[in-house]
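Just follow the structure's listing: the first ligand is 1, and inside any ligand the first atom is 1.
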Amino acid sequence: MPSPIHVTSEIGKLKTVMLHRPGREIENITPDSMYRLLFDDIPYLPIAQEEHDYFAQTLRDQGIEVLYFEKLAAEALADQDVKEEFVDRMVAESGYAAGLIHDVLKEYLLAMNTQDMVNKIFEGVRREEIDLPHMTLQQAAEDTEWPFVMDPMPNAYFTRDPQASIGDGLSINRMTFPARQRESLITEYIIKHHPRFAGQVNVWRDRNHETHIEGGDELVLSDHVFAIGISQRTTADAIEDIAKNLFKKSNYDTVIAIKIPHNHAMMHLDTVFTMIDYDKFTVHPAILDENGHVDNWVLHPGKDGEITMEHHTDIKEVLKKALNKDDIDLIPTGNGDPIIAAREQWNDGSNTLAIAPGEVVTYNRNYVSNDLLRKHGILVHEVRSSELSRGRGGPRCMSCPIVREDL
Ligand SMILES: NC(=[NH2+])NCCC[C@H](N)C(=O)O
């Protein structure tokens, strides 16, 4: 039986993708909380939803099956025992492992039908929504200014990050910031309990780790080459760990770890570097030095389950060798102009989703980068982006490929 997750490249024809339609969690971002929630502004929800529906329809129009994270989650929790266990863990990871608030929250959530409950968990729970018979010590110890007992998860529409499909399996990620850590608990339940996936996929690395990794840093370059960002969100230890697991259990024999700046505009490798054709990549010029080089390390299997590691700087040469190509076309964001590149990268001009070799989905606002892609022979489908882009993520961030055709 074919694996329900099958992704052996960044560019193979996309067959199935997982999205999350932004919901009321977006309306629970406030000026005081937005930086902590990893937003730079507050999107206007009705327009964000219209834009997101347009994105989903653009994919469907290309024959791609669109699955929704929130729907898969509700389906995965169909069994009452699974649902209760999930809520227990979600409430615990929201800060209440036991005690009165834990019990009251659990009861409040379990009284809802499963889809409403899942949507509510994304949205967050305000203090006044739950009935507490008396002030608990837990409550007294908390920040009383903060209106939520369970925080919203406004980053959930960036489905790229809590997990990453690699070959016939995935990584379920330990994410960096508390604002996003609970998202991958939902993935865990989908993979364990949804009939489409349960017992049928390899988990190359699960979320029970201290070291961090996020899907925006994980790029599947071929059926044996994997690239990963050394970034604000993905640590060296996690990279070595996933490399060891992939070498041991999968067909992957090469990991290219690329160092990128540690800042919010470039939080993941896919905000500055994406693969869009057999030999073409988008790259934000700010990650390259004056020679067009960037620090990177190439990992291979070594003796006794260990790994070998070589340091390189010439990324073009590294990619040529790993992908067995005579040349590699690195297409600069904003055509390399420092102002345009910085502006368009900020709104995800490098964050390109390939839906087939040489065919991509991008935000319409990055018109300089988009024109350049066309000049390099790429077919570009543009989607609307005024509100969605306020969360600092583009079409690649907003999509988690589940199945792609092999190249
Ligand atoms: N794959 C990506 N680049 N995702 C972008 C995620 C943006 C989100 N606000 C965060 O900071 O986590």
Side-chain angles (χ1 to χ4, degrees), residues 7 10 17-20 22-23 25-26 28-30 33-43 48 51-52 55 69 122 151-166 170-184 186-187 207 212-220 227-235 238 258 260-276 281-284 286-287 333 344-354 360-363 366 385 387-401:
V7 176
E10 286 290 306
V17 70
M18 180 172 77
L19 311 182
H20 167 68
E25 64 274 9
I26 297 295
N28 282 335
I29 302 171
T30 63
S33 67
M34 66 184 176
Y35 296 113
R36 191 160 62 76
L37 294 176
L38 309 171
F39 273 71
D40 296 296
D41 201 352
I42 305 169
E51 292 176 354
H52 196 271
F55 174 52
F69 192 43
F122 284 115
D151 277 4
M153 298 188 214
N155 290 288
Y157 73 95
F158 299 118
T159 52
R160 180 64 65 162
D161 302 323
Q163 67 289 306
S165 305
I166 309 164
L170 80 170
S171 65
I172 303 180
N173 295 334
R174 182 71 189 167
M175 301 184 75
T176 305
F177 293 113
R180 300 202 65 181
Q181 280 169 346
R182 293 169 302 157
E183 291 173 35
S184 61
I186 301 175
T187 310
R207 67 195 285 278
H212 308 138
I213 184 167
E214 298 195 2
D217 280 313
E218 303 177 75
L219 271 63
V220 179
I228 190 156
I230 313 169
S231 71
Q232 184 193 62
R233 306 291 180 86
T234 296
T235 58
I258 304 174
I260 63 167
H262 290 209
N263 63 46
H264 187 51
M266 306 181 201
M267 88 292 285
H268 295 125
L269 181 61
D270 72 358
T271 65
V272 289
F273 178 84
T274 56
M275 184 176 191
I276 56 176
F281 292 80
T282 65
V283 61
H284 181 39
I287 69 162
T333 310
E344 293 203 344
Q345 190 278 334
W346 177 245
N347 287 309
D348 297 284
S350 306
N351 190 257
T352 308
L353 170 67
V360 301
V361 179
T362 61
Y363 278 161
N366 299 313
S385 55
E387 299 306 310
L388 293 174
S389 61
R390 295 185 201 271
R392 297 279 79 71
R396 189 183 190 274
C397 310
M398 294 191 296
S399 56
C400 175

Contact check, Glu214 vs ligand 1, heavy-atom distance below 4.0 Å: no
Heavy atom of the protein closest to atom 8 (C) of ligand 1 (residue, atom name, distance): Asn155 OD1, 3.1 Å
Atom indices of ligand 1, in the order listed, that fall short of 4.0 Å to a heavy atom of Phe158: 6 (C), 7 (C), 8 (C), 9 (N)
Steps toward salt bridge (charged side-chain N to carboxylate O under 4.0 Å, His left out) verdict (Asp40, Arg392): CA-CA 8 Å; Asp40 296 296; Arg392 297 279 79 71; 3.0 Å; yes
Asp270: numbered ligand 1 atoms lying under 4.0 Å from its heavy atoms: 1 (N), 2 (C), 3 (N)
Residues Asp151, Arg180: salt bridge by 4.0 Å N-O rule: no
Top protein contact for atom 11 (O) of ligand 1, by heavy-atom distance: Arg233 NH2, 2.8 Å
Closest protein heavy atom to atom 4 (N) of ligand 1, given as residue, atom name and distance to 0.1 Å: Asp161 OD2, 2.9 Å
Parallel, tilted or perpendicular: ring planes of Trp346 versus His264, cut at 30 and 60 degrees: perpendicular
Proximity to ligand 1 by part of Arg396, non-hydrogen separation under 4.0 Å: neither
Nitrogen or oxygen of Gly393 less than 3.5 angstrom from that of ligand 1: no
Thr271 and ligand 1 - part of the residue with a heavy-atom distance under 4.0 Å: side chain
Close aromatic pair by centroid cut-off 6.0 Å: His20 and Phe122: yes
Check: Glu214 main-chain N/O paired with Asp161 side-chain donor or acceptor under 3.5 Å: no
CA sep, side-chain torsions, deciding dist, call: Phe69, Leu19, side chain to side chain contact (heavy atoms under 4.5 Å, CB included): CA-CA 6 Å; Phe69 192 43; Leu19 311 182; over 6 Å; no
Under 3.5 Å: N/O of Cys397 near N/O of ligand 1: no
Option nearest atom 7 (C) of ligand 1 (shortest heavy-atom distance, choices His268, Met34, Arg392, Met175): Arg392
For Met267, the ligand 1 atoms whose distance to one of its heavy atoms is below 4.0 Å: 3 (N), 5 (C), 7 (C), 11 (O)
Test log, rule side-chain hydrogen bond (donor to acceptor under 3.5 Å, both in side chains), inputs Ser350 and Thr282: CA-CA 6 Å; Ser350 306; Thr282 65; 4.9 Å; no
Residue pair Phe177 / Leu37, side-chain heavy-atom distance below 4.5 Å: no
Any His264 heavy atom less than 4.0 Å to ligand 1: yes
Residue pair Arg233, Asp217: steps toward the side chain to side chain contact (heavy atoms under 4.5 Å, CB included) verdict: CA-CA 8 Å; Arg233 306 291 180 86; Asp217 280 313; 3.9 Å; yes
